[in-house]
Amino acid sequence: MVSAYEKRRLENIKKNQELLASLGFGLDRPTLEPIEKRHKKPSAPRKRKIEHESPLSEEEEEVQGAETKAPRVQLSDTAPESAVRRSSRNAGKVVDYNKEIIKGSPVPVAYSSGVKNAENAGPLGSEAGSKRIHDPKQYGHIPGIEVGTWWESRQGCSADAVHAPWVGGISGGAQGAHSVVISGGYEDDVDDGYLFTYTGSGGRALKGTKSAPKNLRTAPQSSDQNFEHTFNRMLKKSCETKKPIRVVRGFKSQSKYAPSEGYRYDGLYIVEKAWIEPGLKEYLVCKYAFKRLPGQPPLPVRATDIDETSEEDNVKEDETIENEDNN
DNA sequence: GGGCCCGCAGGG
DNA sequence: CCCTGCGGGCCC
């Protein structure tokens, strides 16, 4: 039995994947090998899902090797957008830093925010109360910030001028967006690393309702998005001007190209296409297809099996890729 | 672990 | 000034 929500989600994903495949013809996509295969605790036998409904292009399979999993997204039918918060999960966690580094990366890439003051952290982002020395309102790379730079939180990312807002996913100016953060807030977005779809902002009841007023920073989708919205208009402009956009991937994204912890600068992309489509929950959303500019360091790939010292996290993470087969 | 609500930076 | 935003910390 597949719920209407799940059906819609899979349809949207498939549509977005097809679009990305059409845009990605001939695109070179070097990736870094994941760090050594990790051991997973032998717990209860798990059903491995074989994906059929969202086939990847040959090109993608070549890159991903034997991994042909669908994006790891939340599959809850009841409260999908509330199940991704885990900001305090690192409290007291001890991580072996050396094992978190990928060989061959231009800068050490961490897979865990257990890293404190690591050499891969942004120059200012690791220092409390540091003052910004570069202007985030510019297009292209920020001087001194290498692709692969990692921050524990978005505060550091902002201090290093890569993405200014602490909360919003889109930042920009008259010629288009300067930077975006992939944060996994939209379940039908597809991330193939060198290409990804991105959903605009707006259409959320941040103030709550009249009877129950709130002052939230994020909230579930409750109305249509449109291109008149400031940030959505910026990204549409980006599609016209082809100005480069800094892209940061955050741990909340379930993509295999996203860090499992913290936030990582993944370099410059352009917006190839902008359109409006029905999102999940019936509301229209603004969608964008991003494409990575060539000549940048390869993208790291998240290790498949994460060796968590605490088992509850391990189980929880793994369950997100399980699902009843819809056959 | 979930709900609440805060500061902050940016855009208009 | 105002309002907004795919954070995050605190309290429960």
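In this text the structure is predicted, and so the values were computed from the model without any measurement. Just so we're on the same page: letters track the sequence lines, and every chain starts at 1.
Using a 4.0 Å cut-off on heavy atoms, none of the residues of residues 239-250 of chain A approach DNA chain B.
The side chain of A/Arg132 contributes an N or O atom lying less than 4.0 Å from OP1 or OP2 of B/dG10. Phosphate proximity of B/dG3 to A/Lys214: absent, as no side-chain N or O sits under 4.0 Å from OP1 or OP2. Phosphate contact (OP1/OP2 of C/dG7, side-chain N/O of A/Ser183, threshold under 4.0 Å): present. Checking the phosphate oxygens (OP1, OP2) of C/dG8, a side-chain nitrogen or oxygen of A/Ser153 falls inside 4.0 Å. Not one side-chain nitrogen or oxygen of A/Lys137 sits closer than 4.0 Å to the OP1 or OP2 atom of B/dA9.
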- request: Both distances under 3.5 Å, Watson-Crick or G-U wobble: on that basis, could you give the dot-bracket string for DNA chain B, with [ ] for crossing pairs and | for other-strand partners?
  value: ||||||.|||||
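The ring pair (Phe, Tyr, Trp, His ring centres under 6.0 Å) search around A/His178 returns A/Tyr139, not counting sequence neighbours. Annotation: salt bridge (Lys or Arg N to Asp or Glu O under 4.0 Å) contacts of A/Arg249 (sequence neighbours excluded): A/Asp191, A/Asp266. With sequence neighbours excluded, the residues satisfying salt bridge (Lys or Arg N to Asp or Glu O under 4.0 Å) with A/Glu277 are A/Lys287. With sequence neighbours excluded, no residue forms a side chain to side chain donor-acceptor pair (under 3.5 Å) with A/Ser201.
For the residue pair A/His141 / A/Tyr265, a side-chain donor-acceptor distance below 3.5 Å is found, with atom types taken as modelled.
With rounding to whole Å, A/Trp166 atom CH2 is found 10 Å from C/dG9 atom P.
At the heavy-atom level, A/Tyr198 lies under 4.0 Å from base atoms of the strands shown.
Annotation: cation-pi pair A/Arg292/A/Tyr194 present, NZ/CZ under 6.0 Å from the ring centroid and within 45° of its normal.
A/Glu11 and A/Arg8 are not joined by a salt bridge, as no carboxylate oxygen comes within less than 4.0 angstrom of a charged side-chain nitrogen.
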